[in-house]
There are 2 protein chains.
Amino acid sequence: MVDDPMRRQRPSDATTVAIALLSTRGYEATTVEELADAAQISRSTFFRRFGSKEDVVFADHDYLLERLSAYLDAASGDPLEALRHGARIVLDHHLSRREASLTRHELLQRNPTLRDRELVSSHRYERAFASYLREVVPGASERGWAITALAAGIVSVHNDMLRAWLKRAEIPATEILDTQLRSLCGLFSPVLFPDPNERAASSRVVVAVFDRDIGPGRVLARIQSAIDGAVAF
Amino acid sequence: MVDDPMRRQRPSDATTVAIALLSTRGYEATTVEELADAAQISRSTFFRRFGSKEDVVFADHDYLLERLSAYLDAASGDPLEALRHGARIVLDHHLSRREASLTRHELLQRNPTLRDRELVSSHRYERAFASYLREVVPGASERGWAITALAAGIVSVHNDMLRAWLKRAEIPATEILDTQLRSLCGLFSPVLFPDPNERAASSRVVVAVFDRDIGPGRVLARIQSAIDGAVAF
DNA sequence: GCGCTGTGTGACACGGAGTGTCAACTCCGA
DNA sequence: TCGGAGTTGACACTCCGTGTCACACAGCGC
């Protein structure tokens with residue numbers, strides 16, 4: 001009953017109608033029977049389709065999580081770019097249905113229980129990102145904390161961005177998200193995917209010794225080549 | 001009713017008895033009336049004291065979160081050390097009551113709903129750490145993602161450590177936790193608390209020019225002092 | 001046409017969580 | 001001894017979520 005495949009499909013109109021009703025009349029004040037009536041189905045059918053009163057609010061997340069997992073499972077190429085694109089998939093879904101996202105957001109604002117449930121959903125995204133990272137990061141077991149931290153950071157940046165966009169629709173959410181995720185991934189990149197060259201260069205001190213009468217241009221040139229790692233003294 | 005101050009006190013015997021009962025007989029199978037009988041109170045009083053059947057399982061978290069927040073509010077000195085000590089407060093609480101922690105852990109293992117609730121509690125710890133960081137980090141608003149990621153990392157490392165200790169009691173959990181948290185904080189330290197000297201040194205190239213006949217010892221000494229930032233050429 | 005099976009639906013009953021009310025009891029100060 | 005404040009228990013009530021049964025309707029073989 002819990003993992004009925006029926007409930008993983010693209011969220012239908014019934015869910016948005018239900019969310020709107022819950023938002024306007026209040027979550028506690030609205031009974032399941034009223035939701036069922038609004039969707040023109042019986043109370044029994046409501047429970048069979050959506051599982052519970054709470055689940056109907058989070059049908060989007062189940063659907064999105066499915067999509068995200070599927071994408072990450074199939075992803076190849078630059079792992080950090082895959083992470084960014086995964087986050088964009090989720091964000092774009094919300095961007096494409098502003099009205100529904102807004103009413104849903106208002107509903108969550110007013111109800112602490114639902115906010116907690118939202119946290120659980122957020123954590124599921126984190127786990128999706130983290131389990132992907134655990135697959136692609138070499139020696140993931142010793143870097144568990146970095147993986148967890150990065151996954152948490154991605155979801156956090158995404159959620160902050162979504163909230164900002166819900167407040168002001170005109171901001172270029174997709175672009176900003178991508179920029180911020182680039183910064184975030186950049187911090188973790190040397191830890192998760194250490195580049196041997198770069199690591200060596202950052203831990204080295206260049207000492208250049210020249211004849212006294214060498215010209216400044218040639219000094220700079222040789223220093224430059226030493227920094228690039230092409231010449232080692 | 002939700003934030004009854006009574007429920008924030010040190011978890012009593014009644015909660016551990018309740019958890020044991022829920023663990024042995026199964027969460028769903030045990031009614032609140034049975035829990036109330038075991039605690040020798042009426043069903044009404046049970047709800048008044050513990051709020052709900054779920055809350056009785058998480059009384060520890062409420063209590064600990066209160067302690068952690070109080071500690072962080074009053075903390076002064078090295079912020080990263082305060083974070084480590086805060087995590088140790090939480091861990092030590094569990095270490096000091098192994099039996100209760102074990103039965104509680106088994107109960108959570110068997111029940112997905114309770115595991116979700118545990119995630120919510122974990123997130124509350126994250127928020128406590130994050131809000132502390134937001135206070136002490138200069139220019140916290142531009143480093144929001146780093147703060148979130150570090151907070152998530154701390155809780156994650158703590159939870160991993162606790163799980164490991166529940167499996168094998170003989171490991172020195174406190175010490176290992178402290179070591180791992182040192183590594184974790186070390187990664188974020190340059191981002192959250194950039195040291196001007198260190199940053200300058202890492203982005204600088206030292207070029208040392210010497211007379212040909214200078215001794216190797218003096219060369220090394222002068223290079224050393226240059227790296228330390230005392231001498232700039 | 002017939003019967004068979006599987007699937008989706010509605011109607012109904014039931015257990016149990018959580019809330020509200022009210023009366024009884026205890027403690028404490030006047 | 002009286003009265004008030006706080007705590008407890010008993011009871012009733014609403015509503016969620018589950019389980020069961022019956023019905024409708026499709027597809028399919030004969």
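Numbered from 1 within each chain, the chains take letters A, B, ... in sequence-line order. Any value given below was found using the heavy atoms of this structure, including those in side chains, with hydrogens, waters and symmetry copies removed.
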Could you state the atom-to-atom distance from [atom1] of [X] to [atom2] of [N] in whole Å?
X	N	atom1	atom2	value
Gln40(B)	dT8(D)	CD	C1'	14 Å
Phe47(B)	dT19(C)	CZ	P	7 Å
Lys53(B)	dG17(D)	NZ	P	14 Å
Arg49(B)	dT7(D)	CZ	P	11 Å
Phe46(A)	dC15(D)	CZ	C1'	13 Å
Glu54(B)	dG16(C)	CD	C1'	14 Å
Arg43(B)	dC13(D)	CZ	C1'	11 Å

**Message:** Please pick, from dA13(C), dA11(C), dG18(C), the nucleotide with the shortest atom-to-atom distance to any side-chain atom of Ser44(A).
**Reply:**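 That would be dA11(C).
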
**Prompt:** Picking from dG9(D), dG10(C), dA17(C), which would you name as closest to the side chain of Ile41(A)?
**Reply:** dG10(C)

**Request:** Report yes if a donor N or O on one partner sits less than 3.5 Å from an acceptor N or O on the other, where the partners are the side chain of Ser42(A) and the base of dA11(C); otherwise report no.
**Result:** no

**Message:** Using a 3.5 Å distance criterion without hydrogens, assess whether the side chain of Arg117(A) forms a donor-acceptor pair with backbone atoms of Asp116(B).
**Reply:** no

**Prompt:** Considering all heavy atoms of both residues, which atom of Met161(B) and which atom of Ile171(B) are nearest to each other, and what is their separation?
**Reply:**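 It is CE-CD1, 3.6 Å.
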
**Item:** Interatomic spacing from OG1 in Thr113(B) to CD in Glu54(B) - rounded to 0.5 Å
**Value:** 7.0 Å

Under 3.5 Å, sequence neighbours excluded: what are the donor-acceptor pairs made by side chains of residues 19-26 of chain B?
unit_1	atom_1	unit_2	atom_2	d
Thr24(B)	OG1	Ala20(B)	O	3.1
Thr24(B)	OG1	Leu21(B)	O	3.1
Arg25(B)	NH1	Glu34(B)	OE2	3.2

What are the atom names and distances for every N/O pair under 3.5 Å that joins the protein to nucleotides 22-27 of chain C?
none

**Asked** Under 4.0 Å between a side-chain N/O of Thr45(B) and OP1 or OP2 of dT8(D), yes or no?
**Response** no

**Item:** Lys/Arg N to Asp/Glu carboxylate O, Arg97(A) vs Asp60(A), below 4.0 Å
**Value:** yes

Per-pair distances, 0.1 Å, donor-acceptor, side chain in residues 125-139 of chain A, under 3.5 Å, sequence neighbours excluded:
unit_1	atom_1	unit_2	atom_2	d
Tyr125(A)	OH	His61(A)	ND1	2.8
Ser131(A)	OG	Arg127(A)	O	3.4
Ser131(A)	OG	Ala128(A)	O	3.3

**Any residue meeting side chain to side chain contact (heavy atoms under 4.5 Å, CB included) with Ser156(B), in chain and number order, not counting sequence neighbours** = Thr148(A), Asp160(B)

**Request:** Mind checking side chain to side chain contact (heavy atoms under 4.5 Å, CB included) for Ser44(A) and listing every partner two or more places apart, or none if nothing turns up?
**Result:**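 Applying side chain to side chain contact (heavy atoms under 4.5 Å, CB included) to Ser44(A) gives Ser42(A), Arg48(A).
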
**Request:** Give a yes-or-no answer on whether the side chains of Gln109(B) and His105(B) include a donor-acceptor pair shorter than 3.5 Å.
**Result:** yes

**Request:** Check each residue of residues 24-38 of chain A for a non-hydrogen atom within less than 4.0 Å of any atom in DNA chain D, then write out the ones that pass by number, or none.
**Result:** Thr30(A), Thr31(A), Val32(A)

